[in-house]
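Worksheet for the structure shown next.
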Amino acid sequence: RMPIAWKLDSDRPIYTQLLEQIQMRIVSGQYPAGYRLPSVRELAAEAGVNPNTMQKALAELEQRGLLRSQRTAGRYVTEDAEFIRRIRQTLAREALTCFFRNMRHLGYEETEILSFLKAACEED
């Protein structure tokens, strides 16, 4: 699996984007359960952000239960695969809700939206 590049834009807080992208790396399996994360400084350098901003995002993910910290050994992704799976499902539902809302705003009916999805899946 190719590593996901850090994609940060200026229209939203960097901290929020880091949090979302690390969470995505966890639920997609790029950072699997039990994985030891690189240091805050390494991650910050890789993403091109201030280490304090990266630290804040990691601390929030720790609070949410996706990461755990071992004082001298660094940060690890939770071992709780079921918890990760539930977060992945929640994110998928949110993405679908947003997609359907946008398609309805464009004036599409449910049957047309489903046809679009079917065609897109077949092309992919």
Side-chain angles (χ1 to χ4, degrees):
R1 185 184 302 234
M2 283 292 296
I4 301 167
W6 296 95
K7 291 189 186 116
L8 304 171
D9 52 57
S10 58
D11 65 341
R12 296 188 315 123
I14 297 297
Y15 150 79
T16 305
Q17 295 177 67
L18 292 172
L19 198 148
E20 291 168 353
Q21 290 182 39
I22 295 166
Q23 180 175 260
M24 189 62 69
R25 288 171 182 218
I26 293 169
V27 302
S28 71
Q30 185 182 346
Y31 292 171
Y35 173 80
R36 184 182 184 280
L37 268 70
S39 73
V40 172
R41 291 201 178 284
E42 287 175 88
L43 283 172
E46 191 185 296
V49 300
N50 184 306
N52 293 333
T53 308
M54 182 61 75
Q55 171 62 33
K56 185 179 173 190
L58 294 172
E60 172 68 25
L61 288 168
E62 212 173 302
Q63 241 180 351
R64 293 182 184 187
L66 270 176
L67 298 178
R68 62 181 170 77
S69 203
Q70 290 184 340
R71 281 179 198 242
T72 56
R75 276 196 177 88
Y76 292 82
V77 173
T78 180
E79 300 278 351
D80 189 343
E82 177 57 26
F83 180 60
I84 294 171
R85 190 189 65 74
R86 285 195 314 268
I87 289 175
R88 184 173 182 235
Q89 283 185 320
T90 299
L91 293 172
R93 275 195 298 275
E94 289 170 2
L96 278 174
T97 299
C98 186
F99 170 76
F100 278 106
R101 185 181 319 114
N102 290 337
M103 292 298 279
R104 285 191 189 101
H105 284 311
L106 289 171
Y108 287 101
E109 299 294 325
E110 191 173 307
T111 54
E112 293 173 299
I113 297 170
L114 293 174
S115 294
F116 258 113
L117 283 173
K118 190 173 186 304
C121 285
E122 288 167 358
E123 286 172 18
D124 198 30

Q: Check for a donor-acceptor pair, side chain of Q23 on one end and backbone N or O of L61 on the other, with a separation under 3.5 Å.
A: no
The reported gap from CG in L67 to CG in L37 (rounded to nearest 0.5 angstrom) is 5.5 Å
Besides L117, the hydrophobic cluster formed by Ile, Leu, Val, Met, Phe, Trp and Tyr side chains linked at under 4.5 Å, directly or via other members, contains L96, F99, F100, M103, L106, Y108, I113, L114, F116
- Under the side chain to side chain contact (heavy atoms under 4.5 Å, CB included) rule, what do T78 and I26 come out as? Steps first, then yes or no, please. CA-CA 9 Å; T78 180; I26 293 169; 5.7 Å; no
So CG of L58 and CD of Q55: to nearest 0.5 Å the spacing works out to 6.0 Å
ring-ring contact (aromatic ring centres under 6.0 Å, His included) pairs touching residues 75-95, sequence neighbours excluded, are none
Residues passing the salt bridge (Lys or Arg N to Asp or Glu O under 4.0 Å) test with E112, sequence neighbours excluded, are none
Sequence neighbours excluded, the answer for side-chain hydrogen bond (donor to acceptor under 3.5 Å, both in side chains) partners of Y15 is none
With sequence neighbours left out, the residues meeting side-chain hydrogen bond (donor to acceptor under 3.5 Å, both in side chains) with E82 are R85
Discussion item. Counting C-beta onward and ignoring hydrogens, is there a side-chain heavy-atom pair between I22 and M54 closer than 4.5 Å?
Written reply: yes
For E122, the salt bridge (Lys or Arg N to Asp or Glu O under 4.0 Å) test, sequence neighbours excluded, returns K118
- Is there a side-chain contact between N52 and K56 (heavy atoms, below 4.5 Å)? no
Residues at least two apart in sequence or cross-chain that pass side chain to side chain contact (heavy atoms under 4.5 Å, CB included) with D9, listed by chain then number, are D11, R12, Q17
Sequence neighbours excluded, the answer for salt bridge (Lys or Arg N to Asp or Glu O under 4.0 Å) partners of R64 is E60
May I ask you to check whether over 12 heavy atoms, not counting those of Q70, lie within 6.0 Å of atom CD? yes
R93 meets the side chain to side chain contact (heavy atoms under 4.5 Å, CB included) criterion, sequence neighbours left out, with Q89, T90
> Does a side-chain heavy-atom distance below 4.5 Å link R25 with V77?
Replying inline: no
Min side-chain heavy-atom separation N50-I14 under 4.5 Å
no
Discussion item. Before you tell me yes or no, could you show the steps for W6 and E46 under side-chain hydrogen bond (donor to acceptor under 3.5 Å, both in side chains), namely the whole-Å CA-CA distance, both residues' side-chain angles and the distance that decides it to 0.1 Å?
Written reply: CA-CA 8 Å; W6 296 95; E46 191 185 296; 2.6 Å; yes
Taken in chain and number order and not counting sequence neighbours, the residues that satisfy salt bridge (Lys or Arg N to Asp or Glu O under 4.0 Å) with R41 are none
* Is any side-chain heavy atom of L43 closer than 4.5 Å to a side-chain heavy atom of V49? -> no
- Side chain of R75, backbone of E62: donor and acceptor closer than 3.5 Å? no
Separation between CZ (R101) and OG1 (T97), nearest 0.5 Å, reads 6.5 Å
Taking every heavy atom of A47 against every heavy atom of L8, the minimum-distance pair comes out as O-CD1, 3.6 Å
By side chain to side chain contact (heavy atoms under 4.5 Å, CB included), P32 pairs with (sequence neighbours left out) Y35
P51 and A44 have their tightest heavy-atom pair at CA-CB, 3.7 Å
